[in-house]
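When reading the values below, keep in mind they use all heavy atoms of this one structure, side chains included, and skip hydrogens, waters and symmetry mates. Computed from a predicted structure; not experimentally measured.
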Amino acid sequence: QVQLVESGGGLVQAGGSLSLSCAASGRTFSNYALGWFRQAPGQEREFVAAVNRYGTSTYYADSVKGRFTISRDNARNTAFLQMNSLKPEDTAVYYCAAGPFPRTTRREYGYWGQGTRVTVSS
């Protein structure tokens with residue numbers, strides 16, 4: 001009942017920044033928590049960041065804490081992931097997901113985007 005579309009991925013140099021967007025349709029973000037996950041080559045899809053429905057609480061994986069910032073604009077039905085100080089190990093396909101709570105596991109989210117690819121060169 002919610003469709004999510006990520007955008008903003010691309011190729012960046014190590015140490016650079018990139019901002020990802022997640023646009024919703026069908027239903028707005030206002031009733032859902034949002035999570036960002038990523039899947040690197042040869043790896044399982046892993047939790048990156050999450051934000052609650054109100055945008056007042058955020059959660060981050062240790063690997064990105066202090067470098068990434070998750071935010072949302074409910075009026076525009078859009079969420080963001082600002083990525084700074086990027087490292088080659090951040091290279092992955094990034095997915096946004098919507099669910100009832102800002103959990104760290106995939107099964108807590110019922111709606112997923114198609115992903116956007118981020119490549120960080122050394």
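How far OG1 of Thr116 is from CH2 of Trp36: 7.5 Å, rounded to the nearest 0.5 Å. How far CZ of Phe80 is from OG of Ser71: 6.0 Å, rounded to the nearest 0.5 Å. One distance of note links CD of Glu46 with CZ of Arg106; it measures 12.0 Å at 0.5 Å rounding. Between atom CD1 of residue Ile70 and atom CG of residue Leu34 there is a gap of 5.0 Å, rounded to the nearest 0.5 Å. Atom CZ in Arg72 sits 8.5 Å away from atom CZ in Arg53 (nearest 0.5 Å). Put simply, CG on Leu81 and SG on Cys22 are 10.5 Å apart, with the number rounded to the nearest 0.5 Å.
What you find for Ser17 and Ser85 is that their closest heavy atoms are OG-N, 4.4 Å. The two residues Arg38 and Ala92 have their closest heavy-atom pair at CB-CB, 3.8 Å. Counting all heavy atoms, side chain and backbone alike, Met83 lies closest to Val118 at CE-CG2, 3.9 Å.
By the 30° and 60° cut-offs, the orientation of the rings of Trp112 relative to Tyr95 is perpendicular.
Using a distance-only test at 3.5 Å, with no hydrogens or angles considered, a donor-acceptor pair links the side chain of Tyr109 to the main chain of Arg103. Remark: the backbone N or O of Glu6 is paired with a side-chain donor or acceptor of Gln114 at under 3.5 angstrom. Thr91 places a side-chain N or O within donor-acceptor distance of the main-chain N or O of Val120, the cut-off being under 3.5 Å. Using modelled atom types, one side-chain atom of Asn52 and one backbone atom of Gly55 make a donor-acceptor pair closer than 3.5 Å.
Among Thr104, Thr69, Val48, the single residue meeting the side chain to side chain contact (heavy atoms under 4.5 Å, CB included) criterion with Tyr60 is Thr69. Checked options Asn74, Leu4, Val2; the residue passing with Tyr32 is Val2 (criterion: side chain to side chain contact (heavy atoms under 4.5 Å, CB included)).
The number of heavy-atom neighbours closer than 6.0 Å to CD of Gln13, taken from other residues, nucleotides and ligands shown, is 12 or below.
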In sequence, state the C-alpha distance, the side-chain angles, and the governing distance for Thr78 and Asp73, and then conclude on side chain to side chain donor-acceptor pair (under 3.5 Å).
-> CA-CA 5 Å; Thr78 305; Asp73 185 344; over 6 Å; no

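One finds a salt bridge joining Lys65 and Asp62 here, because a Lys/Arg side-chain nitrogen approaches an Asp/Glu carboxylate oxygen to under 4.0 Å.
Phe68 has its side chain within reach of Asp90: a pair of non-hydrogen atoms, C-beta onward, lies under 4.5 Å apart.
Transitive grouping of hydrophobic side chains (ILVMFWY, heavy atoms separated by less than 4.5 Å) keeps Leu20 and Val5 in distinct clusters.
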